[in-house]
**Q** 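Before we start, here is the structure in question, set down as structure tokens.
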Amino acid sequence: MLRLILKKLGLLIPTFVGVTLTSFFFIRLLPGDPILLLAGERGVSPERYQELMVQFGYDKPIFVQYLNFLIDLFHGDLGVSFSTKQPVVQEFFTLFPATVELGVCAIIFAVAFGLPAGIFAAIRRGKAVDHTVMSTALVGYSMPIFWWGPMLIIIFSGFLGLTPVSGRISNMFWIEPTTGFMLIDTLFYSDEQGAFLSAVQHLILPTIVLGTIPLAVIARQTRSAMLEVLDEDFVRTARAKGLSPFRIIGIHALRNALIPVVTVIGLQIGVLFAGAILTETVFSWPGIGKWMVDSIFRRDYPVVQGGLLMIAAIIMIVNLIVDLTYGLVNPKIRHTE
Amino acid sequence: MSDVSTEVKADTQLDLLVNFWRHFRTNKGAVYGLYFFVALVFVAIFAPLIAQHSPIEQYRDAFQQPPVWMDGGSWKFILGTDAVGRDILSRIIYGSRYSLFVGVIVVSIALIAGIFLGLLAGTFRGWVDTVIMRIMDIILSFPSLLLALVLVAILGPTLVNAMIAIAIVQQPYYVRLTRASVMSEMSREYVMAARVSGVRTPRLMFKTVLPNCMAPLIVQAALSFSTAILDAAALGFLGVGAQPPTPEWGTMLAESREFILSSPWIMAFPGLAILSTVVAINLIGDGLRDALDPKLKRS
């Protein structure tokens, strides 16, 4: 197992170097002079311009700049945001919990509805339940979520007046971020009445929007995995033994069908990040996705560069963990590697 | 000798096609998807004849007019008008051109580049393989939409650049698929036979091996056609795809965001157009997979 981990980590290193190269050179390719942008409307004198060039290291040859970038990276320094003058790493970790909170809720929502839907579709194969689940899943799978969000806003916030339109919490409350997770902060670290409820209300629509595509994928995957398992001999044996259908489906079949499903959930992380960009933009959710979009439009080079790198690193680590757990639960994979 | 072989080939190709259609037809959803898609192509080609109005003409007397079945609607603007008085139905009709165009171009670029790189990696293995696959890994380490967004920011916000960016983030899937099938085909006996009889490597790659790798690629092409439409619309929605007043569906959504509560129809219909197109193409994709690739068939 340790050898497998080391081997996989070894494979990741060239990819990670590639990721640093990509995010570094992308930013150099963006049109516009960073220093003029930084100076804004006021402009800069030629002397000050030279000074700033030296200060940011833009006067050095590009490969020296890249090396300095790498050295800073290993010191946990990704530069300072042009617009807020805050260190990029610090900004990232301030906003990251918002995205994680949204993402985790979306996955919980997707599993809570997708898994049972897939199981029911498999048990009632070819029946009305199956057709309904599968057509709904197809629509969910095809959903333009940047449209789905506004539609839910129209229905639930506009017509029914049930949910707020944007943000993480009503601006009646001021919650000092302790963990950064609004649900935890409002529940355990705040005395304000109704703050937790407000946080939950703000989460509902973004969760549904971000969870829709994973839900559909999980339902489809669960159904096909269950169908495969239900044909297996051990399920027939369990039936012959006279076990209750609940036990057969819930314990014997589901446990084996879960392996591909878990992988799919793990692999949804990249999709989830892409979805977070759109969902956060629609709901003005102050997370990483919105931060990246805003920074790209503001030409905030250090943020785009650092953000790309951090996001790619997180996706790589999560994929590695998924890979390894998959090897753990499925010995066949472990030995063929 | 060569005459005989081509004749036999033509015959089996027709057989294959007939056989394929018989399989494809059994999937009712896929056939409905195909009908919708054909209708959409028809609408896109004959847009100027079908649309009542110009997609960019602004009617000063009809701002935010609701659709015909709502109070204040009229048959002049069946799906109503947007914030500057343009006919929404006409804009959606013209918009189908952009979406189909995006799908075709993105899939073509990604497919050709992906097949070429995948063939190279799968045939030559060694360092060629390592370099290509590592680059693909790097591309796949970023969320596709984020990478496309940064690429468009670099290239400049136009529909063409959006298509290039989407093609770049999509082609790793083709590379991986092609490489995997090439590698499994390379160990087959017919490839060995071709090698022994002196077929040169380029011919071996494109004529001998590639046709046998096409089934999963065609399925992937159908599925990424719909992803391309979605991503292009998403970029349009974020304001870096097609620029106003282009009647691209995602751009239409972006323009109507501030009116969602006052005039919801402006936003509802372009999104419905995207959704139904993507559903239709995904239905076709599922049908193609069942018909072409029995291994992948979901029972």
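Quantities reported herein were computed from a predicted structural model and do not represent experimental measurements. Throughout, protein chains are lettered first and strands after them, A, B, ... in sequence-line order, and every chain is numbered starting at 1.
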**Q** I'd like to know whether A/Met134 forms a side chain to side chain contact (heavy atoms under 4.5 Å, CB included) with B/Asp286, so could you lay out the CA-CA distance, the side-chain angles of the two residues, the decisive distance to 0.1 Å, and finally the verdict.
**A** CA-CA 12 Å; A/Met134 290 322 284; B/Asp286 282 357; over 6 Å; no
**Q** Highest number of heavy-atom pairs under 4.5 Å with chain A: which of B/Ala233, B/Gly250, B/Ala254, B/Ser144?
**A**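 Of the candidates given, the most pairs with chain A belong to B/Ala233.
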**Q** Taking atom CZ of A/Phe25 and atom CD1 of B/Ile154, what is their separation to the nearest 0.5 Å?
**A**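 It is 12.0 Å, given to the nearest 0.5 Å.
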**Q** Do B/Arg134 and A/Leu11 have side chains that get closer than 4.5 Å, going by heavy atoms?
**A**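 They are in contact (side-chain heavy atoms under 4.5 Å apart), so the answer is yes.
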**Q** To the nearest 0.5 Å, what is the distance between CG (B/Leu145) and CE (A/Met292)?
**A**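 That separation rounds to 11.5 Å.
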**Q** Heavy-atom pairs under 4.5 Å with chain A - which of B/Leu147, B/Ile135, B/Ile229, B/Val150 has more of them than the others?
**A** B/Val150
**Q** Between B/Leu151 and A/Phe26, does a side chain to side chain contact (heavy atoms under 4.5 Å, CB included) hold up when you go through it step by step?
**A** CA-CA 8 Å; B/Leu151 282 172; A/Phe26 263 1; 3.7 Å; yes
**Q** Pick one of side chain, backbone, both or neither for B/Ile281, based on which atoms fall under 4.5 Å of a heavy atom in chain A.
**A** neither
**Q** Among the options A/Leu21, A/Val271, A/Val282, A/Val304, pick out the one with the most heavy-atom pairs lying under 4.5 Å from chain B.
**A**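 Most pairs with chain B among the choices: A/Val282.
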**Q** Please walk me through it: do A/Phe297 and B/Val240 pass side chain to side chain contact (heavy atoms under 4.5 Å, CB included)?
**A** CA-CA 9 Å; A/Phe297 284 119; B/Val240 294; 3.4 Å; yes
**Q** Please determine, among B/Leu238, B/Leu253, B/Leu261, the option with the most heavy-atom pairs under 4.5 Å with chain A.
**A**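 It is B/Leu238.
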**Q** Heavy-atom distance under 4.5 Å to chain B: side chain of A/Met143, backbone, both or neither?
**A**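 It is both, since atoms from each part get that close.
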**Q** Would you compute the distance between atom CG of B/Leu149 and atom CG of A/Leu278 and round it to the nearest 0.5 angstrom?
**A**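 It comes to 9.0 Å.
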**Q** Where on A/Ile153 is there a heavy atom nearer than 4.5 Å to chain B: the side chain, the backbone, both, or neither?
**A** both
**Q** Take A/Phe273 and B/Leu146, measure what side chain to side chain contact (heavy atoms under 4.5 Å, CB included) needs, and give me the verdict at the end.
**A** CA-CA 8 Å; A/Phe273 246 121; B/Leu146 181 61; over 6 Å; no
**Q** Which region of A/Ile154, side chain (C-beta onward) or backbone (N, CA, C, O), has a non-hydrogen atom less than 4.5 Å from a non-hydrogen atom of chain B, or is it both or neither?
**A**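 It is both, since atoms from each part get that close.
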**Q** In Å and rounded to the nearest 0.5 Å, what is the CG to OG1 distance from B/Leu140 to A/Thr15?
**A**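 Result: 10.0 Å between the selected atoms.
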**Q** Would you mind checking which part of A/Ile315 comes under 4.5 Å of any heavy atom in chain B, side chain (CB onward), backbone (N, CA, C, O), both or neither?
**A** side chain
**Q** Could you tell me which of A/Gly18, A/Ala274, A/Ser157, A/Pro144 has the largest number of non-hydrogen atom pairs under 4.5 Å with chain B?
**A**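 Ranked by heavy-atom pairs under 4.5 Å with chain B, first place is A/Pro144.
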**Q** Could you point out which residue of B/Leu275, B/Ile274, B/Leu230 forms a side chain to side chain contact (heavy atoms under 4.5 Å, CB included) with A/Trp147?
**A** B/Leu275
**Q** With only heavy atoms counted, which part of A/Thr22 is less than 4.5 Å from chain B, the side chain, the backbone, both or neither?
**A**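 Contact with chain B involves the side chain of A/Thr22 alone.
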**Q** How long is the straight-line distance from CG of B/Leu283 back to CG of A/Leu138, given to the nearest 0.5 Å?
**A** 4.5 Å
**Q** Rounded to the nearest 0.5 Å, how far does OG of B/Ser141 lie from CG of A/Leu309?
**A** 10.5 Å
